[in-house]
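The structure appears below as structure tokens.
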Amino acid sequence: MKRPVIALIAFAIIACLPLLGDNYLLRLGTMFAMYAVLAQSWNIIGGYAGYPSFATAAFFGLGAYTGAILQGFGWPMPLAWVAAGLLAAVFAGAMGSAILHLKGHYFAIASLVLAEVLLEVTTSWTSLTGGGMGLNLPIIRMSIAAQARLFFWSMLGLAVLTFLMSWYVSAGRIGFALRCIRQNEDASSMVGINTTRYKVVAFVMSSLFVGAAGALYASWVFYIEPPDVYSVMTTIRPIVMTMLGGAGTLLGPVIGSAIFLVIEEVVWRNFLSVHAAVLGILIVGLIFYLPNGIVGAVARRFRKRGAENGET
Amino acid sequence: MSILELKGLTQRFGGLIAVNDVDLSVEAGEIVGLIGPNGAGKTTVVNLITGVFKPSSGTVTFKGRRLDGLKPYQISRMGVARTYQVVQPFPEMSVLENVMAPAIFAAGASSKAEAMRAADEAIDFLGLKDLRDTLASELTLAERKRLELAKSLAMKPEVLLLDEVNAGLNPAEIEIALEMIRAIAARGVTIILIEHLMKVVMSLCSRIVVLHHGAKIAEGKPDEITKNEKVIQAYLGNRYAKANAAEKPNV
Ligand SMILES: Nc1ncnc2c1ncn2[C@@H]1O[C@H](COP(=O)(O)OP(=O)(O)OP(=O)(O)O)[C@@H](O)[C@H]1O
Ligand SMILES: [Mg+2]
């Protein structure tokens, strides 16, 4: 019961970031919150249920365009964000029912195709999306500093909502069912678990706040184009962050997001020309030496110590 | 009325007929033995009853309700449980969590506390109390088989299908398993027992059904089965018949 409370306090402390008055830090804070939304969401389908989803970019891009288009129609910003999240969830529900009976890498490939298809649709539906030219969002009448704070707090709020959803999942019946499914799907249905239903629920949960984050991102950056919001990196990053922190754990994805962001920034600043390569090597190394993530490694250290104490 | 009834049950895998037109009716409270050589179709029958496969033709009826066409999770919730020939625990979970899963999802425990109580009862019943918090992946084979039994008990089944729960156990472990099966039956659970050890089948079952190449070749009381010509040829072999005949005068 204690750990989630500590996490919530940490979120509250991070929420004070605007007090420092540093724009760069505020931008990083917003990035962190966004990454935390994506990683925690992926953790539900990828970590708890063990289904390697590559659909994050599909939900994110769908959300970004939904939000941008609705705002273009004159919808208020928060309403556009909510609608974007809901549409992503409906999309996940429909697609999930179709592809979640696939196992392992077949599911991974099918989920990867979702973003590709949406990218094609978005690019060719020029009248609605602006096609390859991208889409500008309505201007907000607010000072730059006030906007930066607004988007930071909104994104952080979304990260907290995602955290509360993860908490609900990990502590309850859904998380239990998903952990069973990850370990042995056939045995799960034999002990009475409606595996199809729980997998679809997990997939929908992994999409809802990602769609909203996509819309928030669109509002934040003012201009979106298909290759940006449907980028493969949007899919890869949350997976790496979650594995780094500890897949299938409550705090892992949040810790992983923070560390990943720091690594990315340091590498970006110092190795600009070989940025991708250095980042790739770092990721492979970390995953190789920390197969259960940071949370997993710490938990194991504690368990070992506990066992030693028990013996003596 | 019989609690479980199979009618014309048939399962084809491509050209292979794994189960061929099997009729069987099981009365409540019975322990029925299902025997036959390797590949006879015994596990496939279990898979058909529990919804893993939808039969190519034929029906499965449980307390007057059709099971064929239902999903495994639906059937397990209705009160038909099984153990796997190859044990299927949730390896990263403790014994307690493994047994809580069916208590929650199949037996429909209303709270976590109630699920834990039901799980603990099944764990105690099978003598796994000391291993309650051990990870399933750390259990020995005999312990895993008992865990399978505990899981299936936590479903509160009316019919229990036991697929070779004794395979791979040593004689002492088999004695223990035998006692547990008897104790489960004494609670009123109807049991279908798949078993290669004739000694176990003979001592537990009131009725035996013999499968060969997917078809039922014999059905009857244990002593009728051991004398049946077809069964001796297909399964028991002359060695068993002779040994049996040699033993008889001594009894
Ligand atoms: N999923 C499947 N796909 C194709 N063939 C199968 C499948 N399951 C079983 N079979 C085949 O059906 C036949 C019956 O198999 P089954 O496992 O039911 O036998 P069994 O009586 O349980 O044997 P054993 O005593 O070895 O456990 C075998 O020839 C087997 O190869
Ligand atoms: Mg078998």
Side-chain angles (χ1 to χ4, degrees), chain A residues 1 43 46-51 97 100-101 103 167-202 246-250 252 291-293 295-297 299-300 302-304 306-307 309-311, chain B residues 46-47 49-53 70-84 86-94 96-112 115-116 119 122 133 135-138 144 147-148 150-157 161 163:
Chain A
M1 271 319 242
N43 188 39
Y48 287 111
Y51 268 69
S97 318
L100 278 163
H101 65 272
K103 300 271 155 74
W167 188 6
Y168 174 74
V169 167
S170 78
R173 201 181 160 90
I174 302 178
F176 194 23
L178 296 181
R179 276 192 289 264
C180 289
I181 289 170
R182 182 188 65 213
Q183 291 173 52
N184 192 328
E185 196 165 333
D186 290 335
S188 299
S189 58
M190 207 51 75
V191 297
I193 296 172
N194 184 349
T195 53
T196 311
R197 200 185 85 201
Y198 278 106
K199 285 189 295 184
V200 172
V201 166
T249 65
L250 181 59
N292 296 304
V295 171
R300 182 159 310 163
F302 270 98
R303 211 174 299 147
K304 221 182 244 169
N309 288 348
E311 273 170 17
Chain B
V46 172
N47 284 332
I49 296 172
T50 53
V52 175
F53 304 132
L70 296 184
K71 293 266 161 52
Y73 78 89
Q74 294 169 315
I75 294 173
S76 68
R77 287 177 188 178
M78 288 169 69
V80 178
R82 77 177 293 182
T83 64
Y84 284 94
V86 180
V87 290
Q88 305 268 9
F90 301 116
E92 298 160 30
M93 287 181 177
S94 68
L96 177 67
E97 287 172 305
N98 264 277
V99 184
M100 277 174 72
I104 291 173
F105 296 104
S110 59
S111 68
K112 208 168 176 176
M116 205 180 280
D133 300 314
L135 289 184
S137 58
E138 291 166 4
R144 279 181 215 205
L147 174 57
E148 281 280 314
K151 276 168 77 177
S152 56
L153 264 198
M155 293 185 205
K156 303 238 181 301
L161 309 163
D163 196 354

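Letters A, B, ... mirror the listed sequences (proteins, then strands); counts begin at 1. Below, all heavy atoms of this structure are taken into account, side chains as well, without hydrogens, waters or symmetry copies.
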### Query
Which atoms of B/Val52 come close to chain A, meaning under 4.5 Å heavy atom to heavy atom: side chain ones, backbone ones, both, or neither?
side chain

### Segment of B/Met155 engaging chain A (4.5 angstrom heavy-atom cut-off)
side chain

Quick one: donor-acceptor pairs between chain A and chain B, under 3.5 Å, side chains and backbone, table format.
residue  : atom : partner  : partner atom : Å
A/Arg182 : NH2  : B/Glu92  : OE1          : 3.0
A/Gln183 : OE1  : B/Glu92  : N            : 2.9
A/Asn184 : ND2  : B/Gln88  : OE1          : 2.6
A/Ser189 : O    : B/Tyr73  : N            : 3.3
A/Val191 : O    : B/Ala106 : N            : 3.3
A/Gly192 : N    : B/Ser76  : OG           : 3.3
A/Gly192 : O    : B/Arg77  : NE           : 3.0
A/Gly192 : O    : B/Arg77  : NH2          : 2.9
A/Asn194 : ND2  : B/Tyr73  : OH           : 3.0

### Message
Quick one, B/Ile75 with A/Met190, criterion side-chain contact (heavy atoms from CB on, under 4.5 Å). Give me CA distance, side-chain angles, the key distance, then yes/no.
### Response
CA-CA 8 Å; B/Ile75 294 173; A/Met190 207 51 75; over 6 Å; no

